[in-house]
Enquirer: 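Have a look at this one.
Residue numbers start at 1 and run along the sequence shown.
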Amino acid sequence: MSRTLFPEPSTAPEVQNISPEVERTTGNLGEEQTLLDWRSLRSQQDKDYEESLLADQEKERRRQCYKALEERRIKERYPVQANVVQEQSLSQQAQTSLSAQSPLAPTSPQWLSTMPNSLETSTSFSSQSPVFHPSTQVQPDLLSSEVSLVATSRLPLSPHSTLTPQVITIEDQAPTSPLTEQTIILLEDEEPPDSQHPPELPLDETDLQTILAKLYSKVDMTSCPTSNQINVCRDRILECSLHAFRRRRFDPAAKLDVVFVDEEDTAEGAVDEGGPTREYLRLLMRAIHQSNVFEGHENDRHLALNTSALELKMYSCIGKMISVCLVHGGIGPHFFSQRLYDHICGTLSKPTLVEEVVNHSFRQQLIEIKDANTVVEANEAIMQAADTLSIIGALRRVTTLEERDSLVQSAADFFVNGRVCAGLQQFMEGLKSLNVLDEIQKNPAVFHELFVCEEKPLLARDLYTLFQVCFSVQGSNKRRIENLTICYWRDWLVDIEEGECSPMTLEMLLEFASGASKVPPLGFPHRPQIEFLHEANKVFPEANTCLIVLRLPVHSDYESFTKYMTDGVLQAPTFGVA
């Protein structure tokens with residue numbers, strides 16, 4: 001391979017013209033042989049010229065491709081020099097186009113057909129190609145204003161990446177035939193140019209935390225309108241919350257300002273930095289769980305029919321409160337029945353069972369009708385439940401046992417599902433706040449653990465991995481005491497999990513430190529920390545629920561540490577400052 005970019009042209013040897021005198025003196029055989037030799041020589045010269053011409057065109061294309069690749073690489077790594085490189089490229093392209101129009105470098109093989117029959121001096125260029133260190137396999141077909149590059153890797157290159165793309169050195173190959181159409185040489189791993197930069201895929205929203213984070217990003221935490229102030233008495237959480245959520249200008253998509261009022265009517269936490277809100281959302285979800293719009297088992301609640309709540313649109317307010325709890329960093333309900341959740345998601349549920357009827361007397365009447373062995377016994381049981389069956393429109397006499405089963409099924413369906421349709425519609429309207437209902441219906445399996453599944457109890461390892469310990473300098477006296485205190489702390493957590501410190505629970509300890517009894521699905525705004533109280537007069541733990549900082553007292557023995565920690569948490573004021 002040649003080390004020069006443009007090798008000097010070599011001139012083909014001239015062919016002497018045959019004089020007329022020689023032709024006349026030779027015989028017929030000599031004339032024919034001379035003509036054949038002349039034609040053979042002419043054909044070989046034409047073939048050599050065309051091959052050298054195509055070889056030079058191929059080398060020029062490769063030089064342009066290599067140059068374009070270098071310009072792109074410089075543009076990605078040094079954007080400031082992009083304009084300078086572009087100007088140089090335009091200048092050289094202009095020179096190339098001028099040279100391409102020269103008679104000495106025809107661009108099409110059809111030029112050969114226009115050559116005169118007489119012998120002319122032909123110019124042959126060297127077929128050796130320049131050496132590129134390194135080069136990248138490219139497509140030979142180039143437009144005058146565009147260079148098409150072939151993918152060098154299956155991985156797209158980021159515009160901010162500092163990695164050098166993998167390059168593959170190629171060897172010069174001349175066309176097999178000067179009259180055949182030029183083919184594109186591709187690498188084994190080559191893909192179409194469009195595959196270098198595939199369209200960005202949407203974020204994976206199958207994760208609960210990802211979905212809630214997307215909803216939380218639409219909440220304006222920089223402003224807190226006056227209408228979003230929630231004045232709360234801890235013994236009347238739901239009533240105080242209804243006052244705030246029913247305000248005409250209450251904005252669920254803005255920051256909440258929670259103000260607790262104690263027994264002396266003094267405001268606590270006038271500036272909400274996160275701790276009061278977490279405490280309030282925890283208490284609010286507990287109050288919703290116990291409200292009169294739900295009925296049934298503690299961990300399997302259905303909507304209840306309450307005409308007063310329906311008239312006051314309390315179902316809608318409850319749905320809005322649940323949406324706010326989820327998006328603003330609270331915890332999930334974890335008490336919905338599967339049937340209620342299916343109704344919210346719009347999915348089919350299993351046939352209603354008689355056992356799901358929460359009214360004890362009516363459930364017993366349906367069981368007696370269902371257990372009747374004959375039609376006569378079934379009609380007698382129906383007459384005993386006539387008052388209730390007539391109200392729901394299911395009172396009728398049966399003539400077969402199949403009609404008996406149909407009556408029981410329709411009565412149970414109406415009692416569990418039909419009579420609460422209006423309340424369900426209101427409840428779903430409230431869940432539309434902050435687009436929570438839309439996300440639930442799009443991802444029912446993801447939200448199932450938040451609404452239906454029972455909460456998982458905290459474990460000791462959950463807490464000692466949650467907090468980051470802020471130690472003193474290694475080797476100091478304080479650090480030695482802090483190491484011992486952390487040993488006490490971890491042992492104490494294990495004892496609490498094992499039930500050795502009753503009535504103390506891990507949920508109480510987390511409430512003391514953060515205001516939340518569980519780690520919210522969105523997590524805390526920053527990682528909770530543990531600090532130490534080295535003052536001799538501070539024997540009880542302290543906590544800052546806004547910054548989520550738990551301060552541990554230092555004691556000389558484990559018994560003293562556990563005694564003061566337990567007393568401090570159980571007897572502490574609301575926000576955990578003993």
Side-chain angles (χ1 to χ4, degrees), residues 205 208-232 236-260 269-289 291 293-294 303 309 312-336 341 344-345 423-443 446-447 450-451 515-516 518 520-525 546:
E205 296 185 356
L208 177 60
Q209 190 171 12
T210 302
I211 298 174
L212 293 179
K214 181 186 69 172
L215 298 178
Y216 178 78
S217 64
K218 300 177 182 179
V219 177
D220 184 8
M221 300 302 293
T222 61
S223 64
C224 181
T226 305
S227 57
N228 276 31
Q229 185 179 97
I230 305 177
N231 302 295
V232 184
R236 308 186 78 172
I237 291 289
L238 188 59
E239 180 182 347
C240 297
S241 300
L242 288 173
H243 292 161
F245 278 76
R246 284 171 175 166
R247 292 191 186 115
R248 182 169 55 88
R249 296 186 179 181
F250 178 81
D251 186 7
K255 183 179 179 181
L256 303 179
D257 181 16
V258 179
V259 179
F260 283 92
V271 180
D272 186 359
E273 295 295 340
T277 297
R278 281 189 294 272
E279 173 75 7
Y280 165 70
L281 295 178
R282 175 178 63 84
L283 297 176
L284 177 60
M285 189 61 72
R286 181 185 299 174
I288 292 174
H289 185 195
S291 65
V293 300
F294 294 102
L303 279 182
L312 297 174
K313 295 186 177 180
M314 189 172 174
Y315 293 93
S316 178
C317 286
I318 295 296
K320 184 185 296 185
M321 290 176 185
I322 293 177
S323 298
V324 170
C325 287
L326 295 180
V327 178
H328 283 256
I331 59 177
H334 292 285
F335 59 78
F336 280 28
Y341 187 71
I344 293 173
C345 298
L424 179 63
Q425 292 298 322
Q426 275 194 19
F427 186 67
M428 293 176 65
E429 284 294 325
L431 285 177
K432 290 181 180 179
S433 301
L434 301 174
N435 295 326
V436 171
L437 179 63
D438 183 47
E439 293 295 337
I440 293 174
Q441 294 177 343
K442 290 193 299 184
N443 306 278
V446 177
F447 282 86
L450 204 61
F451 283 83
K518 299 287 184 181
L522 268 176
F524 293 109
C546 294

Enquirer: Of all heavy-atom pairs between Q209 and P521, which one has the smallest distance, and what is that distance?
Expert: CG-O, 3.5 Å
Enquirer: Of all residues at least two apart in sequence or in a different chain, which pass the side chain to side chain donor-acceptor pair (under 3.5 Å) check with K313?
Expert: none
Enquirer: Applying side-chain contact (heavy atoms from CB on, under 4.5 Å), can you list everything that pairs with Q229, at least two apart in sequence or on another chain?
Expert: N231, D257, V259
Enquirer: Can you list the residues that meet the salt bridge (charged side-chain N to carboxylate O under 4.0 Å, His left out) rule with D438, with sequence neighbours excluded?
Expert: K442
Enquirer: Within the structure provided, determine whether F427 and V293 are in side-chain contact (heavy-atom separation under 4.5 Å).
Expert: no
Enquirer: With the side chain counted from C-beta on, respond yes when S223 and K255 share a heavy-atom pair under 4.5 Å apart, and no when they do not.
Expert: no
Enquirer: List the residues meeting ring pair (Phe, Tyr, Trp, His ring centres under 6.0 Å) with H289, not counting sequence neighbours, and say none if there are none.
Expert: F335
Enquirer: With side-chain contact (heavy atoms from CB on, under 4.5 Å) as the test, would you mind laying out the steps for I344 and F447 before giving the verdict?
Expert: CA-CA 11 Å; I344 293 173; F447 282 86; over 6 Å; no
Enquirer: Suppose we screen for side-chain contact (heavy atoms from CB on, under 4.5 Å). Which residues come up paired with C345, at least two apart in sequence or across chains?
Expert: Y341, T347, I440, P444
Enquirer: Among residues at least two apart in sequence or on other chains, which ones pass side-chain contact (heavy atoms from CB on, under 4.5 Å) with L522?
Expert: L212, A213, Y216
Enquirer: How would you list, by chain and number, every residue that makes a side chain to side chain donor-acceptor pair (under 3.5 Å) with S217, sequence neighbours excluded?
Expert: none
Enquirer: E429: which residues meet the side chain to side chain donor-acceptor pair (under 3.5 Å) condition with it, sequence neighbours left out?
Expert: K432
Enquirer: Of all the heavy-atom pairs spanning L312 and R246, show the shortest one and how long it is.
Expert: O-NH2, 3.4 Å
Enquirer: Which residues pass the ring pair (Phe, Tyr, Trp, His ring centres under 6.0 Å) test with F245, not counting sequence neighbours?
Expert: F250
Enquirer: Do the side chains of H334 and L450 get nearer than 4.5 Å, heavy atoms only?
Expert: yes
Enquirer: Look at the side chain of R247 and the backbone N and O of S227, then say whether any donor-acceptor pair between them is shorter than 3.5 Å.
Expert: yes
Enquirer: Could you tell me the separation between the CD1 atom of I318 and the CG atom of L284, rounded to the nearest 0.5 Å?
Expert: 7.5 Å
Enquirer: If you measure from CD1 on I230 to OG on S241, what distance do you get to the nearest 0.5 Å?
Expert: 6.0 Å
Enquirer: Hey, could you give me the CD/CD1 distance between E439 and I211, rounded to the nearest 0.5 Å?
Expert: 5.5 Å
Enquirer: If you measure from CZ on R282 to CD1 on I237, what distance do you get to the nearest 0.5 Å?
Expert: 9.0 Å
Enquirer: Let's go through M321 and L242 carefully: what are the C-alpha distance in whole Å and the side-chain angles of both, what is the deciding distance for side-chain contact (heavy atoms from CB on, under 4.5 Å) to 0.1 Å, and is it a yes or a no?
Expert: CA-CA 9 Å; M321 290 176 185; L242 288 173; 3.4 Å; yes
Enquirer: With rounding to the nearest 0.5 angstrom, report the CZ to OH distance, F260 to Y280.
Expert: 8.5 Å
Enquirer: Who pairs with Y315 by side chain to side chain donor-acceptor pair (under 3.5 Å), at least two apart in sequence or on another chain?
Expert: none
Enquirer: So, for V324 and P252, which heavy atoms are closest and what is the spacing to 0.1 Å?
Expert: CG2-CB, 3.9 Å
Enquirer: How close do C546 and P276 get, heavy atom to heavy atom, and via which atoms?
Expert: SG-CD, 3.9 Å
Enquirer: At their closest point, which heavy atom of P225 faces which heavy atom of A254, and how far apart are they?
Expert: CD-CB, 3.7 Å
Enquirer: Determine whether V258 and E279 make a side-chain contact, defined as any pair of heavy atoms from C-beta on separated by less than 4.5 Å.
Expert: no
Enquirer: Looking only at heavy atoms, what is the nearest atom pair of A309 and Q426, with distance?
Expert: O-OE1, 4.3 Å
Enquirer: Of all residues at least two apart in sequence or in a different chain, which pass the side-chain contact (heavy atoms from CB on, under 4.5 Å) check with M428?
Expert: L424, L437, Q441
Enquirer: Can you pull the salt bridge (Lys or Arg N to Asp or Glu O under 4.0 Å) pairs that have at least one residue in residues 236-245, sequence neighbours excluded?
Expert: R236-E239
Enquirer: Between atom CG of L256 and atom CG of L281, what is the distance when rounded to the nearest 0.5 Å?
Expert: 6.5 Å
